[in-house]
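Since the model is a prediction, treat every value here as computed from it, not as a measurement. A note on names: the letters A, B, ... follow the listed sequences, proteins ahead of strands, and every chain is numbered from 1.
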Amino acid sequence: MNYWLMKSEPSTYSWDHLVKDKKTSWNGVRNFQASANMKAMKVGDRVFFYHSNEGLAIVGIAEVSKTYYPDPTDKTGRFGMVDIKPVMPFKTPVTLADIKQDPKLKDMTLVRSSRLSVQPVTPEQWKYVCGLGGVKG
DNA sequence: GCCAACGTTGGC
DNA sequence: GCCAACGTTGGC
């Protein structure tokens, strides 16, 4: 089982929207590194859902429900996407400020490479952040 | 709304 | 294959 973090602007696609939809296709990624990360995902992998621009916090946990396949919105045919479904919300959102000031999390990709929209999370980071969020990962 | 950081593109 | 220009992301 691998762990990931995906970013979305709430004004574009929020956690609540995902819960309402029951699942979504993660289309629109146009970055090779993010795309490569999605290629590495397997069904059942867990994903932190992060709100960028507004909120600036990890708000819940989702799960990969379909592996990488071509993104129909990409006319060049170079990029693909995965499907995800909601698992559970955090009791307490874990904010970027929380993550930045915590020595245990200062190596998270979220801090180090803030612009990457799909990033890996280590099992240690996963457990710890789940603890902060008030849920069992 | 601004601006820094960074990835991608395209000319050479 | 380098690198300048450009566009986009995302925190503040």
Q: With nearest nucleotide decided by heavy atoms, which residue, A:Arg112 or A:Arg78, maps closer to the 5′ end of DNA chain B?
A: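 So the residue in question is A:Arg112.
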Q: Any side-chain donor paired with an acceptor under 3.5 Å for A:Asp74 and A:Thr76?
A: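 Yes.
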Q: Quick one, give me the B/S/- string for nucleotides 6-12 of chain C, reading 5' to 3', where B means a protein heavy atom under 4.0 Å from the base and S means that only happens at the primed atoms, P, OP1 or OP2.
A: -BBBBBS
Q: With sequence neighbours left out, what residues match A:Gln125 under side chain to side chain donor-acceptor pair (under 3.5 Å)?
A: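 Side chain to side chain donor-acceptor pair (under 3.5 Å) list for A:Gln125, sorted by chain: A:Thr122.
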Q: Looking at A:Asn37 and A:Val118, would you say the former's side chain and the latter's main chain have a donor-acceptor pair under 3.5 Å?
A: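 Checked: pair present.
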Q: Taking the basic N atoms (NZ, or NE/NH1/NH2) and the acidic carboxylate oxygens, is any pair closer than 4.0 Å for A:Lys85 and A:Asp21?
A: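 Between A:Asp21 and A:Lys85 there is no salt bridge, as every charged N stays at least 4.0 Å from the carboxylate O atoms.
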Q: Consider ring pair (Phe, Tyr, Trp, His ring centres under 6.0 Å). Of A:Tyr128, A:Trp126, A:Trp15, A:Trp4, which one does A:Phe48 pass it with?
A: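 That would be A:Trp126; it is the only one of A:Tyr128, A:Trp126, A:Trp15, A:Trp4 passing the ring pair (Phe, Tyr, Trp, His ring centres under 6.0 Å) with A:Phe48.
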